[in-house]
Amino acid sequence: MAVTATEVAVLDATETPAPSKRTFRFLRGRKTVVGLCILLFFVLIAVIGPWIAPYDPDTMGKELLQPPSGAHWFGTTQTGQDVLSQILVGTRGVLVVGFIAGTLATILSVLIGVSAGFLGGTADEVLSLLSNVFLVIPGLPLIIIIASFVSDAGDLLIATVIALTSWAWGARVLRAQTLSLRRRDYVEAARATGESTWRIILFEVMPNLTAVIASGFVGTVIFAVLSEITLAFIGVADISDWNWGTVLFWAQSNQALAQGAWWWFVPAGLCIALLGMSLALINFGIDEFVNPRLRTETGGSRKVRMRVGFTPVAHGTDHAAARGRHHKETRS
């Protein structure tokens with residue numbers, strides 16, 4: 001019996017998981033949960049850090065270059081400043097720059113990349129040319145040049161420059177994805193029913209680009225955080241504003257490593273590593289959520305057993321299916 005197009009659509013709709021189930025499956029991955037927990041911890045510290053800091057990070061004390069103790073959990077600097085207070089207060093600046101730059105770059109990449117891929121023609125050529133121009137502009141040297149001319153290069157200026165120099169790659173990726181989506185059957189059906197171009201983009205194309213957009217946002221945040229810390233560490237950014245790079249700058253300037261004051265730079269380095277790891281784990285979780293080959297039915301990652309001279313064998317459903325086929329062949 002032939003199956004009509006309407007019945008096929010109904011079957012596809014029934015097989016497609018609901019958004020709530022898809023969200024639950026995304027949050028069930030171990031990498032995603034660990035990454036989100038670490039990121040939420042740093043977000044909480046960024047919000048309440050200045051309030052819970054035990055000391056003023058700028059206040060100098062009499063306990064000079066002391067190791068961690070009950071009074072100073074992360075020790076003190078060469079001038080008696082509390083390292084824990086500097087870390088807590090400096091968390092906000094790092095995350096503000098990262099999320100502002102990531103948000104601005106994502107908005108630009110979506111507007112230009114999706115528009116170029118869907119509209120085509122002259123609009124595609126102009127927007128692609130614009131993306132190619134910004135793609136070759138080096139972000140870090142540009143920020144250094146701007147900071148040398150601007151006396152007060154604050155976090156907002158740094159985040160804006162990072163965003164303007166890091167959106168082009170995401171726009172190229174979104175353009176390529178949009179080119180593959182604009183001729184799909186559901187897009188042609190929406191166009192045939194008389195829907196406007198921007199409504200098709202918002203409600204037919206954009207939902208299928210959500211994972212790519214989220215992955216680009218996470219990647220831009222990582223780049224912005226590392227750029228902000230690098231600029232503070234080399235002394236280009238305003239060193240009067242505390243962030244983790246500023247802590248490392250003063251530790252390096254006062255030769256903390258040569259003096260054996262490991263507590264001065266190790267906590268800031270660990271915070272940078274943990275934040276980068278959390279964002280990387282979230283990015284891996286997005287990849288597993290989008291690509292079915294990277295996950296099993298339970299939501300975890302596929303475990304592959306490597307053998308010399310053999311192809312990789314995936315545990316789980318593939319192994320069960322192989323045993324089922326072997327059982328059928330034995331019975332026949």
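If you read the sequence from its start, that first residue is 1, and numbering goes on from there.
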ring-ring contact (aromatic ring centres under 6.0 Å, His included) partners of residues 115-144, not counting sequence neighbours, each pair once:
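For residues 115-144, and leaving out neighbouring residues, the ring-ring contact (aromatic ring centres under 6.0 Å, His included) pairs sorted by first residue read Phe134-Trp167.
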Single-linkage hydrophobic cluster [X]~[Y], side-chain heavy atoms < 4.5 angstrom:
X	Y	answer
Leu257	Val266	yes
Trp250	Met60	no
Leu130	Val161	yes
Val97	Ile222	yes
Ile158	Val96	no

Taking the side chain as C-beta and beyond, is there a heavy-atom pair between [X] and [Y] under 4.5 Å?
X	Y	value
Trp51	Ile48	yes
Leu181	Glu204	no
Thr178	Val205	yes
Gln78	Leu64	no
Met277	Leu274	yes
Phe74	Pro68	no
Val247	Phe265	no
Thr246	Asp241	no

Could you report the tightest heavy-atom contact between [X] and [Y], atom names first, then the distance?
X	Y	value
Gly98	Val221	O-CG2, 3.5 Å
Thr77	Val83	CG2-CG2, 3.8 Å
Pro50	Ile45	CD-O, 4.5 Å
Thr220	Gly102	CG2-CA, 3.8 Å
Arg172	Ser131	CD-CB, 4.0 Å
Asp82	Gly75	OD1-O, 3.8 Å

Drop me the distance from [X]'s [atom1] to [Y]'s [atom2], to the nearest 0.5 angstrom.
X	Y	atom1	atom2	answer
Ile213	Ile286	CD1	CD1	11.0 Å
Leu279	Ile38	CG	CD1	9.5 Å
Arg199	Ile201	CZ	CD1	13.0 Å
Cys37	Ile282	SG	CD1	9.5 Å
Ile234	Ile229	CD1	CD1	12.5 Å
Thr76	Leu84	OG1	CG	12.0 Å

Please say whether more than 12 non-hydrogen atoms of neighbouring residues, nucleotides or ligands are located less than 6.0 Å from CZ in Phe41.
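Counting other residues, nucleotides and ligands, CZ of Phe41 stays at 12 neighbours or fewer.
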Between Gln81 and Asp58, a side-chain donor and acceptor under 3.5 Å:
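The criterion, which ignores hydrogens and geometry beyond distance, is not satisfied for Asp58 and Gln81.
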Would you please say whether a donor-acceptor pair under 3.5 Å links the side chains of His72 and Glu63?
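There is such a pair (donor and acceptor under 3.5 Å, judged by atom type) between the side chains of His72 and Glu63.
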Kindly say whether [Y] contributes a backbone atom to a donor-acceptor pair with the side chain of [X] at under 3.5 angstrom?
X	Y	answer
Ser180	Gln177	yes
Ser109	Ala171	no
Arg92	Ala46	yes
Trp73	Gly70	yes
Ser128	Glu125	no

Taking ILVMFWY side chains as joined if any heavy atoms are under 4.5 angstrom apart, and letting links pass through other members, which residues group with Ile107?
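Joined to Ile107, directly or through intermediates: Leu111.
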Taking the hydrophobic residues Ile, Leu, Val, Met, Phe, Trp and Tyr, and joining any pair whose side-chain heavy atoms are under 4.5 Å apart, which ones share a cluster with Leu202?
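Members other than Leu202 - counting any ILVMFWY side chain reachable under 4.5 Å - are Phe203.
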Can you pull out every side chain to side chain donor-acceptor pair (under 3.5 Å) where at least one residue sits in residues 272-284? Sequence neighbours excluded, please.
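Every side chain to side chain donor-acceptor pair (under 3.5 Å) pair that includes a residue of residues 272-284, provided the two are not neighbours, is Ser215-Asn283.
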Mind jotting down which residue pairs meet the side chain to side chain donor-acceptor pair (under 3.5 Å) criterion with at least one end in residues 251-265? Sequence neighbours excluded, please.
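Applying side chain to side chain donor-acceptor pair (under 3.5 Å) to every pair that reaches into residues 251-265, excluding sequence neighbours, yields nothing.
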Stepwise, does the side-chain contact (heavy atoms from CB on, under 4.5 Å) test hold for Asn243 with Val89?
CA-CA 7 Å; Asn243 61 57; Val89 174; over 6 Å; no
Please lay out, stage by stage, how Ile272 and Leu226 fare under the test side-chain contact (heavy atoms from CB on, under 4.5 Å).
CA-CA 8 Å; Ile272 296 170; Leu226 294 179; 4.2 Å; yes
Kindly write out the residues that satisfy salt bridge (charged side-chain N to carboxylate O under 4.0 Å, His left out) with Arg182, not counting sequence neighbours, or none if the list is empty.
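Arg182 satisfies salt bridge (charged side-chain N to carboxylate O under 4.0 Å, His left out) with no residue once adjacent residues are dropped.
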Does Val114 form a side-chain contact (heavy atoms from CB on, under 4.5 Å) with Arg175? I'd like the steps, not just the answer.
CA-CA 5 Å; Val114 176; Arg175 175 184 175 273; over 6 Å; no
For the pair Phe42 and Trp244, evaluate ring pair (Phe, Tyr, Trp, His ring centres under 6.0 Å) and give the outcome as yes or no after the intermediate values.
CA-CA 12 Å; Phe42 282 115; Trp244 300 338; 5.5 Å; yes
Could you give me the CA-CA distance, side-chain angles and deciding distance for Thr91 and Leu275, then say whether side-chain contact (heavy atoms from CB on, under 4.5 Å) is met?
CA-CA 10 Å; Thr91 305; Leu275 181 59; over 6 Å; no
